[in-house]
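Here's the structure, in structure tokens; my notes come after.
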Protein chains: 4
Amino acid sequence: MPAVASSLSARVRRNEALSEIRTGEILTAATRVFGRKGYEATRAEDIAAAAGIAKGTLYLYFDSKEAIYSATVSRACRELRAELERHTAQVTGFQEKLRTALQVRLEYWTENQSIYRLLLTVGREQKHRRQTADFLRAAQRDYKTLLQDGVDAGEFACDDLEQLAWATLDLVRGASERRIDKLGESDPRQDALRITAFVLAQNTRRPSSRKR
Amino acid sequence: MPAVASSLSARVRRNEALSEIRTGEILTAATRVFGRKGYEATRAEDIAAAAGIAKGTLYLYFDSKEAIYSATVSRACRELRAELERHTAQVTGFQEKLRTALQVRLEYWTENQSIYRLLLTVGREQKHRRQTADFLRAAQRDYKTLLQDGVDAGEFACDDLEQLAWATLDLVRGASERRIDKLGESDPRQDALRITAFVLAQNTRRPSSRKR
Amino acid sequence: MPAVASSLSARVRRNEALSEIRTGEILTAATRVFGRKGYEATRAEDIAAAAGIAKGTLYLYFDSKEAIYSATVSRACRELRAELERHTAQVTGFQEKLRTALQVRLEYWTENQSIYRLLLTVGREQKHRRQTADFLRAAQRDYKTLLQDGVDAGEFACDDLEQLAWATLDLVRGASERRIDKLGESDPRQDALRITAFVLAQNTRRPSSRKR
Amino acid sequence: MPAVASSLSARVRRNEALSEIRTGEILTAATRVFGRKGYEATRAEDIAAAAGIAKGTLYLYFDSKEAIYSATVSRACRELRAELERHTAQVTGFQEKLRTALQVRLEYWTENQSIYRLLLTVGREQKHRRQTADFLRAAQRDYKTLLQDGVDAGEFACDDLEQLAWATLDLVRGASERRIDKLGESDPRQDALRITAFVLAQNTRRPSSRKR
DNA sequence: TATGAATGAGTTTTCATTCAT
DNA sequence: AATGAATGAAAACTCATTCAT
């Protein structure tokens with residue numbers, strides 16, 4: 001009976017879709033709560049409440065609080081990456097590309113402070129450290145690639161791109177944290193300009209070459 | 001009977017000294033454990049075990065786990081400050097002063113990774129955030145003062161010392177964390193030189209002025 | 001879909017009823033255990049065990065051991081009051097009313113020795129003293145009202161009803177305690193008669209007035 | 001060497017005397033503290049502090065907190081008994097003897113509220129109950145003996161001295177507690193008169209006999 | 001599938017008792 | 001004998017996880 005089989009599989013597909021939606025809702029709630037309270041101080045029930053479901057339901061979608069945390073971090077990383085790619089795709093020119101990459105990340109953190117905290121503050125406890133380290137390394141690699149493109153295009157020179165990429169990341173983190181902790185009053189755009197200037201100041205390429 | 005009185009007060013003094021030593025031992029143990037596991041994940045008993053005493057003994061010296069944490073942070077701050085003052089006192093010259101300040105801090109963190117974690121990673125959980133923010137602001141102020149001295153001495157110029165001081169702190173934090181997380185292989189000395197170069201590259205004072 | 005709505009509210013109602021039952025079971029268990037061991041010597045787990053539930057379950061229904069104690073006392077007071085009202089409603093005549101009030105209370109304590117201990121023995125510890133004092137004052141007021149009714153009806157006279165009411169309460173307490181402590185062998189009925197006689201012996205109204 | 005032996009035994013005797021004094025100081029302190037806070041809420045250290053000695057010293061004189069409590073109660077009983085005998089010895093006449101006995105006890109409780117609480121409030125927890133019961137029975141026996149003396153002297157009659165003695169005790173307890181709990185404002189003397197009147201009102205001996 | 005009541009292991013803290021000085 | 005620092009068993013309370021409905 002193909003009809004039945006097909007109807008079954010349709011139902012299965014539909015259920016899978018629903019399940020994915022529910023999973024997403026839980027992760028969104030978890031991001032908010034973990035970001036606000038930290039991993040240990042967050043109770044499973046807090047996440048459930050924030051997601052508008054019952055405590056027990058969490059365990060239909062995840063094995064443990066730990067698993068929810070892991071999935072939350074993974075999704076946040078994927079999301080940020082997508083956001084970055086979406087915005088930097090159409091931009092051209094080294095300097096502009098750099099500024100845009102910085103600004104997008106700074107804006108992303110400004111709008112998603114929970115995710116920032118989740119990745120870079122909460123996640124610093126012993127058992128989540130590797131996940132965070134991986135995330136940082138990926139960000140640094142991005143900046144390094146960007147700088148390398150500048151070098152390849154003859155618009156930039158620096159004898160230690162590796163370190164400059166890390167430094168760039170450090171400045172982004174610092175600016176983001178100060179905004180979150182309300183320790184300054186600049187906006188993401190200003191910060192991006194400042195950090196761009198800072199990076200460009202490390203250019204060892206003789207400016208004279210620009211003359212004709 | 002002065003002999004008795006003096007012997008009594010001698011005993012009292014000795015006990016007070018022992019008590020201070022014990023307090024210090026607990027704080028040292030607490031720094032290690034909090035630094036490794038974070039505040040929430042650290043059990044009072046872990047600290048006791050690390051200090052080689054029984055659980056109950058902790059409470060002879062501190063009122064609560066929270067109080068132990070607070071005291072641990074305070075002591076770490078005092079210690080770092082003393083270290084900084086001890087090393088920078090004899091150095092002269094803006095550039096050399098900057099490099100020394102950076103190197104001392106980088107070395108201190110390298111040798112006291114637990115304290116770094118305690119102050120800048122662990123302490124970022126909700127209820128300890130203010131303590132950490134205060135600590136960061138103090139560090140930034142130090143760098144700003146140092147830069148201002150350079151400006152006053154006519155050796156440096158920059159239109160936003162505030163932001164440059166923050167940036168310097170960001171770079172120190174980044175370098176320290178990477179060493180702790182084993183994400184690079186530079187040593188504190190190299191890092192200090194690199195960060196000094198970064199900062200000096202922001203100098204807007206015309207080098208030509210030095211001629212003549 | 002009214003069916004669903006009604007079924008939902010039915011479930012809610014059912015759960016609330018179950019919750020009330022559970023609360024009652026805990027209070028019953030608590031009365032027994034507090035009465036036997038006293039407040040301090042009773043561990044939360046004892047109450048849970050007596051109620052046939054787990055330690056943690058207590059805290060789904062009450063905020064603290066202290067709260068359980070308070071609720072236990074309140075319920076006991078309400079219960080005794082209801083019992084008294086139920087039995088004395090239909091009785092008429094001063095002497096008969098007095099005897100009935102005494103007997104009901106004596107029987108209640110005989111059948112609810114835990115509650116007696118809870119209210120009048122356990123509750124005498126420092127921090128629960130006020131609750132007990134209030135309870136005693138209420139009982140004394142009841143007896144005073146009863147005696148005043150006798151005076152108003154011209155069947156009794158006494159120049160200090162206040163003190164006589166307290167004395168009546170003292171005798172009831174004494175008789176109850178001796179029964180609980182097995183220090184005598186009278187039954188509540190005999191005790192009630194005896195105390196009634198005792199009180200009536202304080203009558204200062206000339207019996208001669210009854211003549212004619 | 002008898003001299004040595006005698007000097008040794010003298011020292012032993014002296015030490016025993018000192019030890020007894022110290023024991024007494026501890027019991028005095030313990031009475032105060034137990035009476036104020038109850039058995040469970042009293043910490044060994046509270047007693048030591050009240051006695052002006054160190055915590056550990058308690059255990060040179062007593063085996064446990066429990067033992068201190070027991071000894072405290074025993075001593076209080078002995079003390080009260082001595083007080084009663086001292087005051088009632090010289091009084092003659094049934095009515096006067098009764099009044100004196102009551103007044104002495106009421107005054108004793110007024111001046112020694114801690115001991116009252118210790119014996120009749122604190123001591124009502126499970127494990128101390130027998131001690132309290134014994135104490136109450138002894139008091140009742142005293143009153144019964146006193147009343148029997150009145151009967152033997154032809155000054156009083158009552159068909160149930162046993163119960164009347166208990167009732168007397170109940171009234172004394174009630175009056176004492178109200179004074180301690182500040183629930184009334186009579187003084188011991190008034191209370192003694194009132195209770196005496198109460199008791200005498202139970203006299204079944206024909207008053208006509210008093211006529212000549 | 002969803003629920004939320006129930007569980008009990010695990011956490012902080014207290015305090016009677018011990019014991020080295 | 002006296003001390004008081006140290007101990008660790010025990011208590012109140014929390015919360016991740018399970019499971020009957």
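We name chains A, B, ... by the order of the sequence lines, and we start the count at 1 in each one.
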Q) Going by heavy atoms in the side chains, are C:Val33 and C:Arg43 under 4.5 Å from each other? A) no
Q. How long is the line joining CG of D:Asp46 and P of F:dG4, in whole Å?
A. 16 Å
**Q.** C:Thr31 versus C:Arg117, side-chain donor and acceptor atoms under 3.5 Å
**A.** no
Q. Are OP1 or OP2 of F:dA5 and a side-chain N or O of B:Thr57 less than 4.0 angstrom apart?
A. no
Q. Using a distance-only test with no angle check, is there a side-chain donor-acceptor pair under 3.5 angstrom linking C:Tyr39 and C:Glu66?
A. yes
Q: On DNA chain F, check which nucleotide each of B:Leu58 and C:Leu60 is closest to and give me the residue with the more 5' one.
A: B:Leu58
Q.
Do C:Arg75 and C:Thr28 make a side-chain contact, defined as non-hydrogen atoms from C-beta onward lying under 4.5 Å apart?
A. yes
Q | D:Phe62 side chain near D:Leu27 side chain, heavy-atom distance below 4.5 Å | A | yes
Q.
Between C:Asp134 and C:Gln131 (side chain of the first, backbone of the second, donor and acceptor by atom type, cut-off under 3.5 Å), is there such a pair?
A. no
Q: For the pair D:Thr132 (side chain) and D:Leu119 (backbone), establish whether a donor and an acceptor sit closer than 3.5 Å, ignoring hydrogens and angles.
A: yes
Q. For residues 22-30 of chain D, which residues have at least one heavy atom under 4.0 Å from DNA chain F?
A. D:Arg22
(Q) Has B:Ser74 got a side-chain atom pairing as donor or acceptor with B:Ser70's backbone, closer than 3.5 angstrom? (A) yes
Q: May I ask you to say what B:Leu18 touches in the nucleic acid, namely base, sugar-phosphate or nothing, with a heavy-atom cut-off under 4.0 Å?
A: nothing
Q) Do C:Tyr69 and C:Thr42 come within less than 4.5 Å of each other through their side chains, counting heavy atoms only? A) no
Q) What's the CD1-C1' distance between C:Ile68 and F:dA12, to the nearest Å? A) 10 Å
Q. F:dC15 P sits how many Å from A:Ile47 CD1, rounded?
A. 13 Å
(Q) So D:Tyr61 and D:Ser19, do their side chains get closer than 4.5 Å, heavy atoms only? (A) yes
Q.
Nearest whole Å is fine: how far is E:dT1 P from A:Ile53 CD1?
A. 13 Å
Q) Would you say C:Tyr61 reaches E:dA5's phosphate, i.e. side-chain N/O to OP1/OP2 under 4.0 Å? A) no
**Q.** A:Phe34 CZ to A:His128 NE2 distance, which is reported to the nearest 0.5 Å
**A.** 7.5 Å
Between protein and nucleic acid, restricted to nucleotides 9-13 of chain E and to nitrogen or oxygen atoms under 3.5 Å apart, what atom pairs and distances do you find?
unit_1 : atom_1 : unit_2  : atom_2 : d
E:dA9  : N6     : C:Lys55 : NZ     : 3.1
E:dG10 : O6     : C:Lys55 : NZ     : 2.9
E:dT11 : OP2    : B:Arg43 : NH1    : 3.3
E:dT12 : OP1    : B:Thr42 : O      : 3.4
E:dT12 : OP1    : B:Ala44 : N      : 3.3
E:dT12 : OP1    : B:Lys65 : NZ     : 3.2
E:dT12 : OP2    : B:Ala44 : N      : 3.1
E:dT13 : OP2    : B:Tyr59 : OH     : 2.7
E:dT13 : OP2    : B:Lys65 : N      : 3.0
E:dT13 : O4     : B:Lys55 : NZ     : 3.3

**Q.** Distance in angstrom units between C:Phe62 CZ and F:dA12 C1', rounded
**A.** 16 Å
Q. Taking only Watson-Crick and G-U wobble pairs with both distances under 3.5 Å, what dot-bracket line describes DNA chain F, where [ ] shows pairs that cross earlier ones and | shows pairs with another strand?
A. .||||||||||||||||||||
